[in-house]
Amino acid sequence: MAQPLDSPGVGLDEKHDVDMVEKVDPDALPQDTIMMSPFEDMGIRKTWSVFRKCAAVCLFATVSAAADGYQIALTGSIIAFRGFVLQYGEGVNAAGDVILRADHIAAWGGIQSAGQGFAMLSQHFIADRYGRKASFYLLWCTLLIAVCLQSFGTNWKTWLVAKLFSGYGVGSVQFLTGMYIAELCPARIRGFLLIGYSFFYGLGQLCASIALKVASDRDPLNFKVPIYTEFAMIGIMAIVYAIIPESPYWCAARGKHEEGVKVIRFLNGGIEGYDVEYHYDIIKRSVEKETAYQKQMFGEGKGFLQELANVKEVLTGVNGFRTLIAFWPAFLQQLAGLAVLSSYSSYFAQIASFADPFLFSLLLALVALACTVIEASLIDIIGRRNLFLGGAIGCWTMCFVVGCMSLPVNRSSAINSLTLFFSLMWRIGSTLLGNLGWSYVAETGSSRLRAKTGGIAAAGGVCMGLIFNTTVPYMLNPIGANWGLKTAFFFSGISAPLVVASFFLIPDTSRRTPAELDEMFRKKVRPWRFRSYVTDAKKALEAEKARTGETEPARIQDSERS
């Protein structure tokens, strides 16, 4: 029967699950139902306590995101550094000062997005064939090459090549890290750990903004000093990738079952009452069930031809819908003006007449970091869908308001201050979309196709970034379209229908195991009903409790008594 509210396994944050099942007939359940781990029925606080080692490993993996954020923020904002402009500038303004050419800025942004897209379209092959760790090592090498080129380059073409390698490394770490975490951690705390990536990403951006601000104040001509600091971030990434284990889902998919059992034992083997073989079998059966489904739909396949067939599969049918959901948050974030507030934040500040563009970038980073901390504490309680819809509405509203700030012909200092405030509020909405976007990329793909779904969905978002990273400079630039703040009107207009569509497309994947998500997508459950839907795995767990007469599975009770 349903678990009562005062049961020791239920917290206040789990009330929405209480009335799910009154009575379950085990014989009525499908024979191939994949059992749900009894530990998934614990409350959030208890899950943190019991799975603290696994959580620590996942958090450690997210530290690599700091290098990602540092690389993006530093190379994006350094274009406002005076020494950088003198080194790479080949244009002249009306006053006769050296400036960066808009086509060069657009090319740098475009080539980085192209590198990100290429990584996302290629790295999933490596991650599926050779393992998640092999992909991490490859992306680390590309970032090292990028930093070397940035450190020793002397012309805009060298910086262009550096941005290509940087984009490949950044694009790889963005989708691989979330996917890796989703394959290791318990569903109850998965949201927090996935947002952990965004926290460290924001922390990296903040550090980059501080480094640029300090370096600019001390010596505005020596732009190489902040670039050299990137080597420290690269060193941290190397330590992380050397320590973290392989993904047990990859081990199950490649038939490396002994290695997979060792990974589960390393992560959770010390938990009292935790059956390592039983829990690895859940992973193994999830992958096998998805593989059988694939054979039923597409037939047998071998080698590289099978890899290509899998790519086709993630674009059609149920898996195509899952890919669309994984792609949607990044799509909406890009069309809501991400390039203005991220890639070209310091440039936007100059156009908007803010006195200190680096201070503006620093404020954006602080706001994003604070928003991420709050979001991480709420995501597993409120749910992905509610936060996403709130962020989408807020982002669109602030984008429109910032556009309205451009209407006065002669803007006073008070209007400029309001513009700054609304820009920061705009960043809050954009941060919510971006953070949740990586959660959906990591969670939405099937157990078997998670890497390909995540890579292709993320690449789709990058394609949109490629468009706007090459066009936004022309929108803002006085010798281009010269829209200035009116650029916000453009983004509010094209994002409005997507905000409405999100109500009918975005599901809540909170607290669902990979097997449960596979089941709900296969049964075509409506996105807005995901949070209350009762899966066969949940019914089976309730049936087991009813059979034994226990409010909690024996494994958890034994663990608690110890």
Side-chain angles (χ1 to χ4, degrees), residues 29-41 51 53-54 57-58 124 127-135 179-188 190 244-271 273-298 300-302 306-307 309-310 313-314 318-319 322 442-454 509 512-522 535-541 544 553 555:
L29 297 174
Q31 293 297 317
D32 62 346
T33 297
I34 299 174
M35 286 299 295
M36 184 179 185
S37 167
F39 285 86
E40 296 288 356
D41 217 30
F51 290 93
K53 182 178 180 181
C54 180
V57 170
C58 291
H124 60 79
D128 280 343
R129 182 169 290 273
Y130 301 107
R132 310 322 191 206
K133 291 198 66 165
S135 290
M179 177 198 69
Y180 176 82
I181 293 170
E183 293 179 340
L184 262 67
C185 67
R188 289 290 183 183
R190 189 175 61 224
I244 60 176
E246 185 54 83
S247 163
Y249 275 88
W250 179 79
C251 295
R254 304 301 294 185
K256 299 179 180 293
H257 301 308
E258 290 186 6
E259 183 179 348
V261 170
K262 288 180 180 178
V263 172
I264 296 297
R265 183 172 289 111
F266 168 75
L267 294 172
N268 305 319
I271 298 173
Y274 187 95
D275 189 331
V276 172
E277 297 283 350
Y278 171 81
H279 283 84
Y280 179 74
D281 188 64
I282 292 177
I283 295 174
K284 179 183 172 185
R285 290 187 61 200
S286 298
V287 173
E288 289 174 346
K289 187 171 183 178
E290 282 296 298
T291 302
Y293 178 72
Q294 182 271 334
K295 291 180 179 179
Q296 179 184 351
M297 298 296 295
F298 295 92
E300 292 285 349
K302 296 181 179 180
Q306 180 62 60
E307 297 292 332
N310 287 346
E313 186 181 355
V314 300
V318 173
N319 286 313
R322 298 175 80 153
E443 295 176 315
T444 310
S446 71
S447 301
R448 179 175 53 87
L449 298 172
R450 187 175 290 110
K452 288 181 174 58
T453 300
T509 56
R512 299 296 189 176
T513 67
E516 285 184 294
L517 291 174
D518 288 344
E519 175 189 333
M520 287 191 286
F521 278 113
R522 197 180 300 117
T535 63
D536 290 339
K538 181 66 176 178
K539 293 176 183 177
L541 186 60
E544 176 68 11
R555 288 185 181 87

Can you give me the closest heavy-atom contact between [X] and [Y], atom names plus distance?
{"X": "Ala442", "Y": "Arg450", "answer": "O-CD, 3.2 Å"}
{"X": "Glu516", "Y": "Thr535", "answer": "OE2-OG1, 2.8 Å"}
{"X": "Asn268", "Y": "Cys54", "answer": "OD1-CB, 3.5 Å"}

Worksheet item: Is any NZ, NE, NH1 or NH2 atom of the basic residue among Glu443 and Arg190 found under 4.0 Å from an Asp or Glu carboxylate oxygen of the other?
Response: yes

Fill in: Test: Arg322 and Asp518 ion pair at under 4.0 Å
yes

Worksheet item: So with a 6.0 Å cut-off around NZ of Lys256, is the heavy-atom count from everything else above 12?
Response: no

Hey, are the side chains of [X] and [Y] touching, using non-hydrogen atoms and a 4.5 Å cut-off?
{"X": "Leu267", "Y": "Lys53", "answer": "no"}
{"X": "Tyr180", "Y": "Ser135", "answer": "no"}
{"X": "His124", "Y": "Met179", "answer": "no"}
{"X": "Pro248", "Y": "Leu184", "answer": "yes"}

Worksheet item: Looking at residues at least two apart in the chain, or sitting in another chain, which of them share a side-chain hydrogen bond (donor to acceptor under 3.5 Å, both in side chains) with Arg132?
Response: Asp128, Glu183

Discussion item. Under a 3.5 Å distance rule, please check whether Lys452 uses its side chain to pair with a backbone N or O of Gly445 as donor and acceptor.
Written reply: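 Side chain of Lys452 to backbone of Gly445: no pair is present.
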
Discussion item. Could you check whether any side-chain N or O of Lys133 sits under 3.5 Å from a backbone N or O of Ile244, counting only pairs where one atom can act as donor and the other as acceptor?
Written reply: yes

Worksheet item: What residues form a side-chain contact (heavy atoms from CB on, under 4.5 Å) with Lys284, not counting sequence neighbours?
Response: His257, Tyr280, Asp281, Glu288

Worksheet entry | Plane angle bin for Phe39 and Tyr274 - parallel if under 30°, tilted between 30 and 60°, otherwise perpendicular |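 The rings of Tyr274 and Phe39 sit tilted, inter-plane angle from 30° to 60°.
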
